[in-house]
Structure formats: structure tokens, C-alpha cells
Amino acid sequence: MTYDRLVCANCAAPVTEGRCPVCRASRERMRERDQGPFGGLSPAMLAALLVVLLGALALLAQQTA
């Protein structure tokens with residue numbers, strides 16, 4: 001889930017606006033989480049990459065056997 005659709009329970013404003021300290025803290029935590037090597041990828045894209053990797057491993061195992 002992206003933080004552009006989240007609504008703060010403290011002030012009832014969108015988290016992206018950062019109106020209260022709770023919003024700003026949540027926004028910073030989500031930004032830090034998205035900084036990882038796969039942070040910008042959607043779950044669907046990660047699943048597709050996993051399928052491609054498994055397919056490549058299967059082809060490699062078939063060629064060596």
C-alpha cells in the first residue's frame with residue numbers, strides 16, 4: 001500500500017500532507033522502508049521476477065543434468 005491513500009487516525013487528513021506529528025512520523029517511516037533495494041517495486045513485479053528467476057534456474061538445472 002502506498003502512503004498517498006492513507007488517512008491519519010489522529011487528524012483525519014491524508015498522511016502525505018503531514019499535518020500533525022503522527023502523520024509526519026508515519027510518512028518518514030514509509031519513506032525509509034521504501035529505500036531498500038526492492039522498495040520501489042510492486043508486489044506483482046516482485047512475483048514476476050521470482051517466476052522468471054525460478055524459470056531460469058529450472059533451465060539451468062535441465063542443461064546440467
Side-chain angles (χ1 to χ4, degrees):
M1 174 178 277
T2 58
Y3 62 91
D4 60 337
R5 294 188 178 183
L6 291 178
V7 176
C8 178
N10 192 41
C11 67
V15 171
T16 55
E17 293 179 8
R19 291 185 184 177
C20 72
V22 175
C23 291
R24 289 189 289 274
S26 295
R27 186 175 58 185
E28 278 304 311
R29 265 196 320 270
M30 294 186 92
R31 281 186 184 161
E32 288 172 3
R33 185 190 70 190
D34 289 342
Q35 296 300 321
F38 300 110
L41 295 177
S42 69
M45 182 61 80
L46 287 174
L49 286 173
L50 182 62
V51 168
V52 168
L53 179 64
L54 290 174
L57 286 174
L59 285 174
L60 183 64
Q62 186 180 21
Q63 286 181 356
T64 59

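- Closest heavy-atom contact between Val15 and Cys23: CG1-O, 3.7 Å.
- Hydrophobic side-chain contacts under 4.5 Å tie Leu54 into a cluster, directly or through other members, with Leu50.
- Clustering of Ile, Leu, Val, Met, Phe, Trp and Tyr by side-chain heavy atoms under 4.5 Å joins Val51 with none of the others.
- Looking at residues two or more places apart in sequence or on another chain, you find no salt bridge (Lys or Arg N to Asp or Glu O under 4.0 Å) involving Arg24.
- Heavy atoms only, all atoms of each residue included: Arg19 and Cys11 are closest at CB-SG, 4.2 Å.
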